[in-house]
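The figures that follow rest on heavy atoms only: side chains count, while hydrogens, waters and symmetry mates do not.
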Amino acid sequence: VPGCRDETTLAVVTADRSPRLVAAWWGRLGAGRPDPVEIVLDGPGRPRLVRPAGFVPDPRGLAELVRLVPGRLGPGAGPAELFCLVELNGPPALARARRDLLGRLLDLLADTGVDGLRVSVLGYGEHLGRYASADGVVRGEWFASPAGARKALDALPAPAPGYYANAAPLEDALREVAVRGRAEPPAGPRGLLVVADRRPHPVMSVDEQSPAHACPVRLDWAAELRRVRAEAGVTACVTVLDRPDGPARGHPAWTGLGTDLLALLDEATPRGLAAALRLVTGEPAHCPFPLAEDTR
């Protein structure tokens, strides 16, 4: 049972055509993680709730519980957190298009009013050459509202007039998410959105197909991605790439970073990204409660 912020009722009903309430308990589930449910039958008509802990008997009848359930589940989501990584540099038109797409997504999330959503926006520049930033490779804002994240996006440095064509320090941005995400307990399910073009720097310069300079601080993008999942608790990963024929299109990083959606910049839509990140649903869904007509 997915955790939510409000009280939850767990009910045991009969499988008759007209269901009968046998027992019910209410309590609060933990946000941002699954809660297993275990009920033991102590005897005929005597179920006992073993877990989750903290639930107490619910005195309401079945008719009242049914009245409290909406006929359809709307498009909103509960408390959640989103990490957005955007590549700042590149061909000017594409660099602008990346920010524009991310900005429209943040506007959608602000307008939708996803309850309790916190968004981090990080832009990453260059490791190498005269366009490397003296202020650090990764810049941005942590755990803001969607509207605050939009302001942080607008405040990111303008695209540099030049860039290193074969790689970008995505591995540094992943490290930032892993470290900060581990230090800050999640307020809900966490998602990661990457809007990029160039592959991350390799830990060593051994890629003969598209040679790239190694990360100067020897970060391994694959290890950092594993940390993002295991330590920061990210469960949904979506990536948007500039071009179908870009030099980094077949790089294995995108397989790991696009497990829930790997899209192209000119085809991605804000609602499609939000749905893939499990922040909204496409359409309200019918809620069959308390039982389907045929349970066998």
Side-chain angles (χ1 to χ4, degrees), residues 1-6 8 28-37 51-52 73-86 101-102 105-106 108-109 112-122 124 138 140-146 149 170-196 200 219-241 251-263 268-282 285:
V1 178
C4 61
R5 189 178 57 180
D6 300 322
T8 297
R28 181 166 295 185
L29 297 171
R33 57 177 174 80
D35 278 295
V37 174
R51 56 178 177 163
L73 299 177
E81 294 179 345
L82 175 61
F83 300 103
C84 301
L85 307 182
V86 59
L101 175 64
L102 181 52
L105 170 64
L106 296 174
L108 169 68
L109 296 176
T112 304
V114 179
D115 189 26
L117 177 63
R118 301 199 302 172
V119 184
S120 301
V121 172
L122 303 179
Y124 58 95
V138 182
E141 182 77 20
W142 294 98
F143 301 118
S145 67
L170 174 56
E171 70 281 359
D172 288 63
L174 291 173
R175 163 62 68 88
E176 294 284 340
V177 172
V179 172
R180 186 63 181 264
R182 180 181 180 181
E184 180 114 1
R190 283 176 164 172
L192 174 69
L193 171 64
V194 177
V195 188
L219 294 181
D220 180 351
W221 67 264
E224 298 308 324
L225 176 55
R226 288 192 294 271
R227 292 185 63 198
V228 164
R229 289 186 175 277
E231 300 179 19
V234 166
T235 56
C237 290
V238 170
T239 289
V240 179
L241 297 178
H251 193 271
W254 310 131
T255 303
L257 289 164
T259 50
D260 290 87
L261 179 67
L262 182 58
T269 65
R271 180 160 290 276
L273 296 178
L277 289 161
R278 307 165 199 166
L279 299 175
V280 300
T281 57

**Q** Could you report the tightest heavy-atom contact between Ala144 and Ala149, atom names first, then the distance?
**A** CB-N, 3.8 Å
**Q** So which heavy atom on Arg229 is nearest to which on Cys237, and how close?
**A**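 Arg229 and Cys237 have their closest heavy atoms at NH2-SG, 3.2 Å.
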**Q** Check whether Thr239 reaches the backbone of Leu257 with its side chain - one donor and one acceptor, N or O, closer than 3.5 Å.
**A**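 Checking the backbone N and O of Leu257 against the side chain of Thr239, a donor-acceptor pair under 3.5 Å is found.
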**Q** Run the side-chain contact (heavy atoms from CB on, under 4.5 Å) test on Thr112 and Leu117 for me, step by step, so that the C-alpha distance in whole Å, both residues' side-chain angles and the decisive distance to 0.1 Å come before the verdict.
**A** CA-CA 11 Å; Thr112 304; Leu117 177 63; over 6 Å; no
**Q** To the nearest 0.5 Å, how far apart are CG in Leu101 and CG in Leu273?
**A**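 These two atoms lie 5.5 Å from each other.
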**Q** My understanding is that only residues two or more places apart in sequence, or in another chain, count here; which of them pass side-chain hydrogen bond (donor to acceptor under 3.5 Å, both in side chains) with Asp260?
**A**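 With sequence neighbours excluded, Asp260 shows a side-chain hydrogen bond (donor to acceptor under 3.5 Å, both in side chains) to Arg278, given in chain and number order.
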**Q** When rounded to the nearest 0.5 angstrom, what is the spacing between CG in Leu277 and SG in Cys84?
**A** 7.5 Å
**Q** What verdict does the side-chain contact (heavy atoms from CB on, under 4.5 Å) test give for Val179 and Arg227, after you've listed the backbone C-alpha separation in whole Å, the side-chain angles of each residue and the deciding distance to 0.1 Å?
**A** CA-CA 8 Å; Val179 172; Arg227 292 185 63 198; 3.9 Å; yes
**Q** Rounded at 0.5 Å granularity, tell me how far CG in Leu105 sits from CG in Leu279.
**A**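 Here the interatomic distance stands at 7.5 Å.
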**Q** For residues Phe83 and Leu122, determine if any side-chain heavy atom of one lies less than 4.5 Å from a side-chain heavy atom of the other.
**A** no
**Q** Over all heavy atoms of both residues, which pair between Pro200 and Leu170 is shortest? Give the atoms and the distance, please.
**A** CB-CB, 4.0 Å
**Q** Counting distance only, does the side-chain N/O of Thr8 pair as donor-acceptor with the main-chain N or O of Arg28 below 3.5 Å?
**A** no
**Q** For Ala236 and Ala276, work out which heavy atoms get closest and say how close.
**A**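 Reported closest heavy-atom pair: CB-O, 4.4 Å.
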**Q** Show, in sequence, the C-alpha distance, side-chain angles and deciding distance for Tyr124 and Asp172, and conclude whether the side-chain contact (heavy atoms from CB on, under 4.5 Å) test is met.
**A** CA-CA 8 Å; Tyr124 58 95; Asp172 288 63; over 6 Å; no
**Q** Can you list everything that forms a side chain to side chain contact (heavy atoms under 4.5 Å, CB included) with Arg182? Sequence neighbours excluded, please.
**A**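 In terms of side chain to side chain contact (heavy atoms under 4.5 Å, CB included), with neighbours along the sequence ignored, Arg182 is linked to Glu231.
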**Q** Considering all heavy atoms of both residues, which atom of Arg51 and which atom of Pro36 are nearest to each other, and what is their separation?
**A**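 Between these two residues, the closest heavy atoms are NH1-CG, 3.6 Å.
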**Q** Assess the residue pair Leu192 and Leu174 against the criterion (side-chain contact (heavy atoms from CB on, under 4.5 Å)); give the C-alpha distance rounded to whole Å, side-chain angles, the decisive distance to 0.1 Å, and a yes or no.
**A** CA-CA 10 Å; Leu192 174 69; Leu174 291 173; 4.0 Å; yes
**Q** Check whether any side-chain heavy atom of Val119 sits under 4.5 Å from a side-chain heavy atom of Ser145, and report yes or no.
**A** no
**Q** Partners of Arg180 by side-chain hydrogen bond (donor to acceptor under 3.5 Å, both in side chains), sequence neighbours excluded?
**A** none
**Q** Going from CZ on Phe143 to CG on Leu82, what distance comes out if it is rounded to the nearest 0.5 angstrom?
**A**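 Answer for the CZ-CG pair, Phe143 versus Leu82, is 11.0 Å.
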**Q** Any side-chain heavy atom of Leu85 sitting closer than 4.5 Å to one from Val138?
**A** no
**Q** The criterion is side chain to side chain contact (heavy atoms under 4.5 Å, CB included); which residues satisfy it with Thr269, sequence neighbours excluded?
**A** none
**Q** Who are the side chain to side chain contact (heavy atoms under 4.5 Å, CB included) partners of Ala230, not counting sequence neighbours?
**A**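 With neighbours one apart ignored, the set is empty.
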**Q** List the residues meeting side-chain hydrogen bond (donor to acceptor under 3.5 Å, both in side chains) with Glu176, not counting sequence neighbours, and say none if there are none.
**A** none
